[in-house]
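Here it is, the structure, as structure tokens.
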Protein chains: 2
Amino acid sequence: MTASVSPESLPTGEPRWLDTDEQKAWRAWLYSSQLLQDRLDRELTHRTGISHAYYEILVALSETPERMMRMSELADRCLSSRSRLSHAVSRLEERGWVRRQVCAEDGRGQLAVLTDEGFAALEGAAPIHVEGVRRELFDQLSPEQVAAMRDFGEALLRHLDPSRMP
Amino acid sequence: MTASVSPESLPTGEPRWLDTDEQKAWRAWLYSSQLLQDRLDRELTHRTGISHAYYEILVALSETPERMMRMSELADRCLSSRSRLSHAVSRLEERGWVRRQVCAEDGRGQLAVLTDEGFAALEGAAPIHVEGVRRELFDQLSPEQVAAMRDFGEALLRHLDPSRMP
DNA sequence: GTAGCGTAGTTGAGCGCTTGACTATTCCGC
DNA sequence: GCGGAATAGTCAAGCGCTCAACTACGCTAC
């Protein structure tokens, strides 16, 4: 995918092309992560009407004591831009699963609040989601592979977004 | 994310909830893969005007002897639906990077052909892409972690899409 | 040959995301 | 306190993807 193009035309120095093994590792990671995310998202969407992105929003809200969270914090937590989250919350509001509430401490802020209907929707979706993750991911891996997955996932996370490390 | 919801309301049997370690492994994988793909796609798009999805199409075509491929085959190769690929090829055609050609052997078929302009665009983008992959992925991992990543990716691939295994 | 079915690919409507501009509020230095 | 910068969130335009319908061609059986 990358080495088939001749290594000329470089802005700064010779690019460090991938060797055959690196290409195989890269492709295995790329394809498997795309296929897995796609499959889980499709199953969840078709069986519950909740996309994985929306599911993550509902989960994040459900995990707070008051089932509410500042819009920005929620966006960060869900790897979402503010704009994207704002749109998503509007659509969840139309379903009656979330409502907006002005933030008492900060007049600029809004709180997204999970409604009882939203919590019920999440309760319905959670078993579908977790079974999918187990069937498509954990059931396919040995305990050593799971440990390795976590290890290198955390190594990447440390680089990509250290604040998200436990 | 999944265990915070009480385990009632199951269609078929008790769901196999994730324990704490499994949740950490799952989240590390989910966040790191989303962040990495997002970062690589953004860098490529902003610096070259070519999204990762389009890049994959150009790469696939460039790797064939005649720089052409049947639409369906190209869609499979790029983890794309036929519809999505058809739209994408139309847009690449507008840029002059790909052209369509009727297939001689099968009157229903179309061939997507990489033009010289398309190949030149790929040559310009490839160093950006490979440097991104190296900087954000390989430079962050030990050789052992790279090997584990490949092992794990291939294990998933064997389950998700055996035909894609080498 | 032609009916019926399967396959290849395209198209249009609708939806969600991105970008960038915009409003409103708060924070900070003087 | 007051003016300017920073922050929170929203909104509109445009783009890419999904879904389902659709056209066109090939294959098989009769």
Side-chain angles (χ1 to χ4, degrees), chain A residues 34-35 37-47 49-58 61 68-95 97-113, chain B residues 34-35 37-58 60-61 68-95 97-113:
Chain A
Q34 287 186 175
L35 283 167
Q37 296 204 34
D38 193 60
R39 186 172 298 192
L40 291 176
D41 186 41
R42 272 173 199 280
E43 186 195 7
L44 194 63
T45 302
H46 286 137
R47 292 183 59 189
I50 306 176
S51 69
H52 192 262
Y54 289 12
Y55 181 80
E56 288 274 281
I57 294 172
L58 299 180
L61 292 176
M68 55 178 64
M69 200 183 279
R70 286 291 293 269
M71 295 292 283
S72 310
E73 195 185 342
L74 189 53
D76 286 351
R77 164 68 213 261
C78 297
L79 300 180
S80 183
S81 69
R82 315 230 159 152
S83 173
R84 181 187 177 194
L85 182 81
S86 184
H87 286 299
V89 166
S90 297
R91 288 184 294 260
L92 291 173
E93 234 176 348
E94 286 168 16
R95 297 196 193 182
W97 292 352
V98 169
R99 59 184 171 76
R100 281 178 164 90
Q101 185 177 304
V102 293
C103 179
E105 298 91 57
D106 187 339
R108 298 166 300 181
Q110 291 275 107
L111 289 161
V113 187
Chain B
Q34 287 185 177
L35 284 166
Q37 297 203 35
D38 192 59
R39 185 172 298 192
L40 292 175
D41 187 40
R42 273 173 199 278
E43 187 195 5
L44 194 63
T45 302
H46 286 138
R47 292 182 60 189
T48 70
I50 307 177
S51 70
H52 192 261
Y54 289 12
Y55 181 80
E56 288 272 282
I57 293 172
L58 300 180
L61 292 176
M68 57 177 64
M69 200 183 279
R70 285 290 292 270
M71 294 292 283
S72 311
E73 195 185 344
L74 189 53
D76 286 351
R77 164 67 213 261
C78 297
L79 300 181
S80 183
S81 70
R82 314 226 159 157
S83 172
R84 180 186 177 195
L85 182 80
S86 184
H87 285 298
V89 166
S90 297
R91 289 184 294 259
L92 290 173
E93 233 174 349
E94 286 168 17
R95 298 194 192 183
W97 292 352
V98 170
R99 61 185 170 76
R100 281 177 164 90
Q101 185 177 305
V102 293
C103 179
E105 298 92 54
D106 188 339
R108 297 166 300 181
Q110 290 276 105
L111 289 162
V113 187

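Side chains included, hydrogens not; waters and symmetry mates left out as well; all remaining heavy atoms used. Within every chain, numbering begins at 1; the chains are lettered A, B, ... in the order of the sequence lines, protein sequences first and strands thereafter.
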Problem set entry | B:Q110: side-chain hydrogen bond (donor to acceptor under 3.5 Å, both in side chains) partners, not counting sequence neighbours | none
Exercise. Heavy atoms, side chains only, cut-off 4.5 Å: are B:W97 and B:R91 in contact?
Worked result: no
Problem set entry | 4.5 Å side-chain heavy-atom contact, B:V113 and B:V98 | no
Exercise. Hey, which of these two, A:S51 or B:E73, hits DNA chain C nearer its 5' end, going by closest nucleotide?
Worked result: B:E73
Exercise. Between atom CE in A:M71 and atom C1' in C:dA24, what is the gap in whole Å?
Worked result: 15 Å
Exercise. By a strict heavy-atom criterion of less than 4.0 Å, which residues belonging to residues 83-94 of chain A are in contact with DNA chain D?
Worked result: A:S83, A:S86, A:H87
For this session: Name all residues meeting the side-chain hydrogen bond (donor to acceptor under 3.5 Å, both in side chains) criterion together with A:E93; count only those two or more places apart in sequence or in a different chain, and write none if there are none.
Result: A:R100
Problem set entry | Interatomic distance where NE2 belongs to A:H52 and C1' belongs to C:dG16 [whole Å] | 17 Å
For this session: Looking only at non-hydrogen atoms, find the nearest pair between A:I50 and A:R95 and report the distance.
Result: CG1-NH1, 4.3 Å
Exercise. What residues, two or more places apart in sequence or in another chain, satisfy side-chain hydrogen bond (donor to acceptor under 3.5 Å, both in side chains) together with B:Q101?
Worked result: B:R99
Problem set entry | Contacts of A:R82 that satisfy salt bridge (Lys or Arg N to Asp or Glu O under 4.0 Å) - sequence neighbours left out | none
Problem set entry | Heavy-atom pair of closest approach, residues A:M71 and A:S86 | CE-CA, 3.9 Å
For this session: May I ask you to list the residues of residues 97-110 of chain B, by number, that have any heavy atom positioned under 4.0 Å from an atom of DNA chain D?
Result: B:D106, B:G107, B:R108
Problem set entry | First of A:D38 and A:R70 reached from the 5' end of DNA chain D, by closest nucleotide | A:R70
Exercise. How do B:Y54 and A:R82 order along DNA chain D: which one's closest nucleotide is nearer the 5' end?
Worked result: A:R82
